[in-house]
Amino acid sequence: MPPPRTRGTALRQRLAELRGPDVPAKALDARALAALAANPGCKRRAILDGAGVDKAALAGALGSPSAFGQSQFALTRGNAFEAKVKADGGAELLRLVHERLDPGAEPPTTRSTPDLTASGPEGRTARTALALREATEQALGTWTFLDHPMLALDVAGSTAFLEPDAVVVHPDGGWTVVEIKSFPMLDGSADPAKVGAAARQAAVYVLALEEVAARLDPAPRVRHRVLLVCPKDFSNLPTASAVDIRKQRAVTSRQLARLTRIQDIADTLPDGTCFSPELPAEQLTAAVEAVPAAYAPECLAACELAFHCRARSRAAGAVTTLGRSLRAELGGLSTVEDVLAAARGASGDPDDPAVAALRRAARLRAEALAGRGATCR
């Protein structure tokens, strides 16, 4: 077996080949990891994200452009709100952390804002780890605000560099992740779906932060209650809520651990496979179809290739096109054709609960239609 350094170099070369010559890698971020964790069975997304392929450009080249992502207006508004929250060395942000998460601590009248500037993601990751260590060792009643720190997380044999909005070191040495979002918090509560997405994203940051903490002795406490900062009502004034992400952290950790190693997926691909958007559509389509996908309607809100995968799933008559919950209820019936045949009694084991339920539903439907026809006459 080759040494780890040799294997790592070979994998990087292989992933560069999959991206295409001279195509820069698109970095994994927390949104992508949260989506990966939500759909760990999708080898297509795992290899594309692991290789740093720009899936939006790939979707356009395949003829299924993606509508996934934020508008320029939303990005501008979000950046302006984040700048407001972090103004004056993070004074307002630290006030909210103190108020919502640590009211028993000394108020943040004294604070530290270390410089995290360094060359490249590896340099910034090392500088962040050093700043966290120094802040923890020298806490002694001082609050520390880290603006856009850089964290690293190993995912399926590939390193993802993550950049949370902020990390706060409490006077007792504990660490808190802060998520700043531009969606409003109305009367103290926000859209549950958006809060859930923010919690899953924060869980990724917490996992990465825990790896940094584990290298310190003694290991500081990474708090599992994160701070979600949003505009209050219809204003641009910041308000905040503490969000317990223990469940999201456990699920994300388990799902990321189950991801098939990128090396294993790459080894199954034919020689010459490449996902460069510059390739002819036929060649690009063949390359993408060489990697199995696990499409579900939830992908539409999380993946740039969702429209392409949905079209292929519909063409194949896959039941997962209608949702994961329905797919789970149908057991071994994986296509719409199989489901209809089982309902008609043309196939399927009558003792199978799914088949029995389908046949009963078909009988009830036939009786209802017959009764309606008799009434009309």
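Along the sequence shown, the residues carry numbers beginning at 1. A quick note: this is a predicted structure, and the numbers were derived from the prediction, not measured.
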Between Arg310 and Leu300, does the side-chain contact (heavy atoms from CB on, under 4.5 Å) criterion hold? Intermediate values first, please. CA-CA 9 Å; Arg310 181 178 65 177; Leu300 292 171; 3.9 Å; yes
Near Glu278 CD, under 6.0 Å, is it more than 12 heavy atoms from other residues, nucleotides or ligands? no
side-chain contact (heavy atoms from CB on, under 4.5 Å) between Ser241 and Met185, worked out: CA-CA 9 Å; Ser241 175; Met185 198 172 286; 3.9 Å; yes
Shared ILVMFWY cluster between Leu132 and Phe161, side chains joined below 4.5 angstrom? no
Drop me the distance from Leu207's CG to Leu256's CG, to the nearest 0.5 angstrom. 7.0 Å
Verify the neighbour count for atom CD of Glu106: are there more than 12 heavy atoms of other residues, nucleotides or ligands below 6.0 Å? no
I need the Cys309 SG to Tyr295 OH distance, nearest 0.5 Å. 8.5 Å
Do you know which two heavy atoms are closest between Ile47 and Ile265, and how far apart they sit? CB-CG2, 3.9 Å
For residues Gln248 and His224, is any side-chain donor paired with an opposing acceptor at under 3.5 Å? no
Hey, quick one: are Met150 and Val206 part of the same hydrophobic cluster, counting side-chain heavy atoms closer than 4.5 Å, chains of contacts allowed? no
Any side-chain donor-acceptor pair under 3.5 Å between Asp233 and Ser235? no
Salt-bridged, Arg124 to Glu163, with N to O below 4.0 Å? yes
Leu322 CG to Glu329 CD distance, which is reported to the nearest 0.5 Å: 11.5 Å
Between CG of Asp172 and CZ of Arg221, what distance do you get to the nearest 0.5 Å? 6.0 Å
For Arg246, is there an ion pair with Asp244 - N to carboxylate O distance below 4.0 angstrom? yes
Basic-acidic side-chain contact under 4.0 Å: Lys55, Asp49: yes
Check ion pair Glu92-Lys84 (N to O, under 4.0 angstrom): no
Shortest non-hydrogen contact between Arg359 and Ala342, atoms and distance: NE-O, 2.9 Å
Using every non-hydrogen atom in the two residues, find where Leu153 and Val204 come nearest and quote the distance to one decimal. CD2-CG1, 4.1 Å
Take atom CD in Glu337; do more than 12 heavy atoms of anything else shown fall under 6.0 Å from it? no
Test side chain to side chain contact (heavy atoms under 4.5 Å, CB included), reference Trp143, set Asp102, Val169, Leu93, Thr113, output is Asp102
Charged N-O contact under 4.0 Å between Arg95 and Glu99: yes
Please tell me whether Thr76 and Asn79 have a donor and an acceptor in their side chains that are separated by less than 3.5 angstrom. no
About how many Å separate CG of Leu330 and OG1 of Thr320, when rounded to the nearest 0.5 Å? 11.0 Å
Does a sphere of radius 6.0 Å around CG in Asp267 hold more than 12 heavy atoms from other residues, nucleotides or ligands, not counting ones at 6.0 Å or beyond? yes
Minimum heavy-atom separation for Ala294 to Cys299, with atom names? O-SG, 4.2 Å
Quick check on the hydrophobic clustering: are Val355 and Val336 connected, directly or via other members, by side-chain heavy-atom contacts under 4.5 Å? no
Check this for me: Asp115, atom CG, are more than 12 non-hydrogen atoms of other residues, nucleotides or ligands nearer than 6.0 Å? yes
Using the side chain to side chain donor-acceptor pair (under 3.5 Å) rule, pick out the option among Lys181, Arg77, His148 that qualifies with Glu82. His148
Thr176 and Leu227 have their tightest heavy-atom pair at CG2-N, 4.4 Å
Should Ile262 and Phe275 be regarded as members of a common hydrophobic cluster, given that ILVMFWY residues are connected when their side-chain heavy atoms come within less than 4.5 Å of each other, either directly or indirectly? yes
Glu17 CD to Thr273 OG1 distance, which is reported to the nearest 0.5 Å: 10.0 Å
